[in-house]
Amino acid sequence: METHPNQKVHLSWYPKLFAAVFAGMFFVIPAAVYATASTEETPVHERVVIQDKAPGAIIINGERFKVTDATLIIDILGKRIALCDLPVPCEADVEYQQSEGPSSLCLVIETRRLLPGADVEGKSGAKD
C-alpha cells in the first residue's frame, strides 16, 4: 500500500497494544508470581550448639528440633551417622525447615566441634 507523504498512516493497532500491555501488567504478571511463590519456608542454615538429644529430636537453646530417618547427620570426620551416635553437646551446622507446630524439622546436621563432656548418651541419658 502506497501512501502520499502528506497522508497520515492509520494506527488502529496502538489502542489494542496498550490494552494488551495493561492487561498483562495487572493480570498475567501477578498470576505468574503467585503460581511460582512457594508455600513452604526456605530452609534455615545456621551454626548452633546442640545441647542435648532425645528420641527423634535434638535440643538447641531449649527448643526441640525433629530428626527423622531422612535427616542427614554427619560426624566431625565427614561420615554419615545415626542420631544415636551423635555426641552432645557439640557445635554443628544445622539446616532445618521452620514449622508453625511444636518443633522444626532438621534436614542436615553437620558436626563441627565436640564440646567438653560430649558423649553419645547425652545429658538426659535418653536412649534413641
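Quick note: numbers below take in every heavy atom, side chains included, and nothing from hydrogens, waters or symmetry partners.
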Between [X] and [Y], which heavy-atom pair has the shortest distance, and what is it?
X: Ser103; Y: Lys66; answer: OG-CG, 3.2 Å
X: Pro89; Y: Pro116; answer: CG-O, 3.9 Å
X: Val120; Y: Cys84; answer: CB-O, 3.6 Å
X: Thr71; Y: Val108; answer: CG2-N, 4.3 Å
X: Asp69; Y: Arg80; answer: O-NH2, 3.7 Å
X: Gln97; Y: Ser104; answer: O-CB, 3.3 Å

Taking [X] for its side chain and [Y] for its backbone only, find out whether a donor-acceptor pair lies under 3.5 Å.
X: Thr111; Y: Ile74; result: yes
X: Asn61; Y: Glu63; result: no
X: Glu91; Y: Arg47; result: no

*Within one Ile-Leu-Val-Met-Phe-Trp-Tyr cluster: Leu72 and Leu107, side-chain cutoff 4.5 Å*: yes
In Ile76, Leu114, Val49, the residue satisfying side-chain contact (heavy atoms from CB on, under 4.5 Å) with Cys90 is Leu114
Q.
When you compare the side chain of Leu83 with that of Ile58, does any pair of heavy atoms fall below 4.5 Å?
A. yes
Worksheet item: Less than 4.5 Å apart, any side-chain heavy atom of Ile59 and any of Lys53?
Response: no
With side chain to side chain contact (heavy atoms under 4.5 Å, CB included) as the criterion, how do Leu105 and Ser99 come out once you've worked through the C-alpha distance, each side chain's angles and the decisive distance to 0.1 Å? CA-CA 7 Å; Leu105 174 64; Ser99 72; over 6 Å; no
- Please identify each residue that fulfils side chain to side chain contact (heavy atoms under 4.5 Å, CB included) with Ile81, with sequence neighbours left out.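 For Ile81 the side chain to side chain contact (heavy atoms under 4.5 Å, CB included) partners, ignoring immediate neighbours, are Ile73, Asp75, Asp85, Leu86.
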